[in-house]
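Here the structure is laid out as structure tokens; the discussion comes afterwards.
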Amino acid sequence: MIPFNKPYLTGKELVYIEDAVKKGKISGNGYYTHLCQDFFKIKYGFHKCLLTTSCTDALEMAAILINIQEGDEVIMPSYTFVSTANAFVLRGAKIIFADSRKDHPGIDEDGIEALITKKTKAIVPVHYAGVACDMDKIMDFANKYNLLVIEDAAQAIDSFYTGRDGVKKALGSIGHLAAFSFHETKNIISGEGGMLAINDLQFAERAEIIWEKGTNRSAFFRGEVDKYGWVDLGSSFLPSEIIAAFLWAQLENLENIQQVRKSHWEQYNIELQTWATQNEIQLPVIPTYATNNGHMFYLVCKNISQRTELIEKLKRKDILSVFHYISLHSSPFYKDSHTGNQLPESDRYSDCVLRLPMYFELDVEEILQEIKIQINYER
Ligand SMILES: *Cc1c(COP(=O)(O)O)cnc(C)c1O
């Protein structure tokens, strides 16, 4: 059977976990946490990084940090994972859903301005499949209307955006804040795990306090204050050293992991061109300002029945493909709170996106053969 996802282990995970345990300090914010955080700062230019227990937690921290209050509005795509919205709903925000682009499931940047009101506090672009949103457009709106931008970079590790200034910037380094995921379905994993990147330094000090359960414990351990106590809202957002040690084993191999995933992606992309055209299936589009990070290879089928047929035919050959994201504006939890604007592209992706298996140890050739032999609608 070819699974949809298979977590890749570099071989050093248990070595570093054992070391973390032997170091005698296994809670959080220790040796391996700092190694991982510094790695991200140096490699991608984030100003401050805090490991979290999930991307969901990083988003929740962001919502607290930007002081979301009852009734504040937050703009985001409807075609995304629930955590993108939940984090802000937990603080009382009203979510204003934007449609997706015609050529890509990412947020339709040109539709954002019409959704901005006096109550708008933030925009949360999601870099779907690790492909950049057009961040210049989004940051322009943020500057014009004094809004904050939180990048949902859950899928976007090691991916980049080149804007009008011609400088190639890492995703997660452009918005005021950004959230990453190391869930076992992502490129770099720690089982569950995540990280908040803080680019706007006005948030740096408070982020650390929220992270440490609302206390100034971090400053205390650095000797900056002589006692620590409850100074703000917060929660237990930091992972243990055991998780950070696992993550470090992955980060050490980031180049290799990325190279292999991208080559799988390229193979799918090149080999499926003719087949896709023949069957009216859309392959992923990478805009010129964006890069591909090999996170996900997806197809956009021509309709839901074609997608269902494809899933079933692949399953009969023991290949597991999956679809995802019921648009959040039509979810059982939020449909009654949705403002009612039509989001046809978001609905289309909900019906038509199909994700093919993608993981380090994948044999793409095996899948390509089955797809091309078994599934041809022209016959
Ligand atoms: C995976 C994912 C999340 C959630 O990440 P967790 O680490 O599982 O909390 C949020 N947003 C998007 C777009 C994701 O793909």
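Below, all heavy atoms of this structure are taken into account, side chains as well, without hydrogens, waters or symmetry copies. Counting starts at 1 for both ligands and their atoms, in listed order.
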Contact check: [X] vs ligand 1, nitrogen or oxygen atoms, below 3.5 angstrom:
| X | answer |
| --- | --- |
| Thr56 | yes |
| His183 | no |
| Cys55 | yes |
| Ser181 | yes |

[X] heavy atoms, cut-off 4.0 Å: which ligand 1 atoms fall inside?
| X | result |
| --- | --- |
| Gln155 | 13 (C), 14 (C), 15 (O) |
| Gly193 | 7 (O) |
| Val126 | 13 (C) |
| Ser54 | 7 (O), 9 (O) |
| Tyr325 | 13 (C), 15 (O) |
| Phe81 | 3 (C), 4 (C), 10 (C), 11 (N), 12 (C) |

Does [X] pair with [Y] as a salt bridge, N-O distance under 4.0 Å?
| X | Y | result |
| --- | --- | --- |
| Glu266 | Lys262 | no |
| Arg217 | Glu208 | no |
| Arg348 | Glu345 | yes |

Any idea which protein heavy atom is nearest atom 14 (C) of ligand 1, and the distance to it? Ala154 CB, 3.3 Å

Looking only at protein heavy atoms, what sits closest to atom 11 (N) of ligand 1 is Asp152 OD2, 2.8 Å

Is it the case that over 12 heavy atoms from other parts of the model lie below 6.0 angstrom from the NZ atom of Lys102? no

Glu113, CD atom: more than 12 neighbouring heavy atoms under 6.0 Å: yes

Between ligand 1 and Ala179, can you find any atom pair, the residue atom being a heavy atom, that is separated by under 4.0 Å? no

According to side-chain hydrogen bond (donor to acceptor under 3.5 Å, both in side chains), does anything in residues 121-131 pair up with another residue at least two apart or in another chain? List the pairs. His127-Glu151, Tyr128-His324

Quick note, side-chain hydrogen bond (donor to acceptor under 3.5 Å, both in side chains) partners involving residues 67-80, not counting sequence neighbours, are Glu73-Thr117, Ser78-His329, Thr80-Thr84

Going by atom types only, do Thr33 and Asn29 share a side-chain donor-acceptor pair under 3.5 Å? no

Report the distance from atom CD1 of Ile112 to atom CD1 of Ile107, rounding to the nearest 0.5 Å. 4.0 Å

Counting heavy atoms only, which part of Tyr79 comes closer than 4.0 Å to ligand 1: side chain, backbone, both or neither? neither

Closest to atom 1 (C) of ligand 1 (judged by heavy-atom distance), picking from Lys186, His295, Met296: Lys186

